[in-house]
Amino acid sequence: MRLATWNVNSIRARVDRIVGFAVNEDVDVLAMQEIKCKPEQFPLEQFEAAGYHVELHGLNQWNGVAIASREPLEDVQIGFPGMPGFLKGHEGPDAPREARAIAATVGGVRVWSLYVPNGRSLDDPHYVYKLHWLQALEQYTRDTLAADPDLPLALTGDFNICPTPEDVGDPTLVEGVTTHVSPPERAAFQALLDAGLADTVRPLVPTGFTYWDYKQLRFPRNEGLRIDFILGSRAFADAVTAAAIHRDQRKGEAPSDHVPVVVDLDIDAGDDDDRPMIF
DNA sequence: ATGTCAGCACGCTGCTGA
């Protein structure tokens, strides 16, 4: 099974590029973030014509997450237990929850498409919201793996955190001054790993960014960030055989500011082309 | 140069969010 995650920054603005990538790269499951549309606005037909089922969660022009899959998507879940909401500076479990998390099971793998809140600035209510959101995600992960330690669980998406200094190529991001690199954010990311997840891409692709700001010639200067991840439980991580960051998807006409991150899994997703039959 | 995008309100421009 080939699994990819991609913050597409509007599905409607670049659906041809996205479906084309999925087909050309033989992607079985594509988790998307920032689809920026409601369900009735999602270009379903183009995915279906290419052989994909789609499950999505979109409330308005902001955020929005989706999962496309060649095999049917089972046990679809919108948001995770404890996920905080946010509205006009009011944050908490009683505030409306934004469209930032969707999960489905494909080929026995529990896949989450996650769009972690940006945080905006260290003194903004969105920053506290981001940390609470990550804390709830950690708790969900701990509870889920405590109930089923052998579950192949993948948390994929845009985490809006640079876990290490090597993940920061944009000089405007400075520890103590901006989000994405602050010790509490990095601690929140580490807490996800401590909850039983591993970065499944870094061991196979040790360097490289997944995002470059549209402004300031960030891409030509290669002043990017690594903020998009595929985190996997032990059962998931053990099945990963290859990984890639598709830097070329930042090039050309109307790119997203993020590029796809891909892993190959030695788990049967219904394909019959790479698994010997033993009788 | 706060230097680019996307979507929305409506709208031919200005706002919000990233």
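Each chain gets a letter, A, B and so on, in the order its sequence line appears, and its residues count up from 1.
Rounded to whole Å, the separation between the P atoms of B:dG11 and B:dT16 comes to 15 Å. Comparing the same atom, P, in B:dC10 and in B:dC15 gives a spacing of 14 Å after rounding to whole Å. Rounded to the nearest Å, the gap between the C1' atom of B:dA1 and that of B:dC12 is 25 Å. Here, B:dT2 and B:dA18 have their C1' atoms 13 Å apart, quoted to the whole Å.
Distance CG/A:Asp167 to CZ/A:Phe229: 5.0 Å, rounded to 0.5 Å.
Rounded to whole angstrom, the span from the NE2 atom of A:His258 across to the P atom of B:dA6 amounts to 13 Å. In this structure, the CD atom of A:Glu223 is 16 Å from the P atom of B:dT4, given to the nearest Å. Taking atom CZ on A:Phe219 and atom C1' on B:dG3, their separation rounds to 18 Å, with Å as the unit. In this entry the distance linking CD of A:Glu253 with P of B:dT4 reads 15 Å, nearest Å. One atom, CG of A:Asp213, and another, P of B:dA18, lie 13 Å apart when rounded to the nearest Å. Atom pair A:Trp62:CH2 and B:dT16:P shows a separation of 10 Å (rounding to whole Å applied). For the pair A:Leu225 CG and B:dA18 C1', the interatomic distance rounds to 12 Å; values are reported in whole Å. One can place CD of A:Glu34 at 14 Å from P of B:dC8, the figure rounded to the nearest angstrom.
Among the atoms of the strands shown, none is found under 4.0 Å from any heavy atom of A:Arg218. A:Gln33 comes within 4.0 angstrom of no nucleic acid atom, judged by non-hydrogen atoms across all strands. Counting any heavy atom pair closer than 4.0 Å across all strands shown, A:Tyr115 reaches sugar-phosphate atoms only and no base atom.
Counting only heavy atoms from C-beta on, A:Asn9 has its side chain closest to B:dA6 among B:dA18, B:dA6, B:dC8. Checking B:dG3, B:dC8, B:dA18 against the side-chain heavy atoms of A:Asn118 singles out B:dA18 as nearest. For A:Ser10, the listed nucleotide lying nearest its side chain is B:dG7; candidates were B:dA18, B:dC5, B:dG7. The side chain of A:Arg100 sits closest to B:dA18 out of B:dA18, B:dC5, B:dG7.
Salt bridge status for A:Arg14 with A:Glu253: absent, with no side-chain N to carboxylate O gap under 4.0 Å.
Of the nucleotides present, none pairs with B:dC12 by Watson-Crick or G-U wobble criteria with both distances under 3.5 Å.
Between A:Asn63 and A:Tyr214, the one whose closest nucleotide on DNA chain B sits nearer the 5' end is A:Tyr214. Residue whose closest nucleotide on DNA chain B sits further toward the 5' end, between A:Leu217 and A:Gly119: A:Leu217.
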Would you please test A:Phe21 and A:Trp6 for ring-ring contact (aromatic ring centres under 6.0 Å, His included) and show each step?
-> CA-CA 11 Å; A:Phe21 171 81; A:Trp6 195 355; 5.2 Å; yes
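Within the 4.5 Å cutoff, side-chain heavy atoms of A:Ile227 are placed close to those of A:His180.
The shortest distance between the side-chain N/O atoms of A:Gln61 and the OP1/OP2 oxygens of B:dC15 is not below 4.0 Å. Proximity of A:Arg120 to the phosphate of B:dA18: a side-chain N or O atom is located under 4.0 Å from OP1 or OP2.
When atom types are taken as modelled, the side chain of A:Ser69 and the backbone of A:Pro72 share no donor-acceptor pair closer than 3.5 angstrom.
Heavy-atom contacts from other residues, nucleotides or ligands closer than 6.0 Å to CD of A:Glu40 number more than 12.
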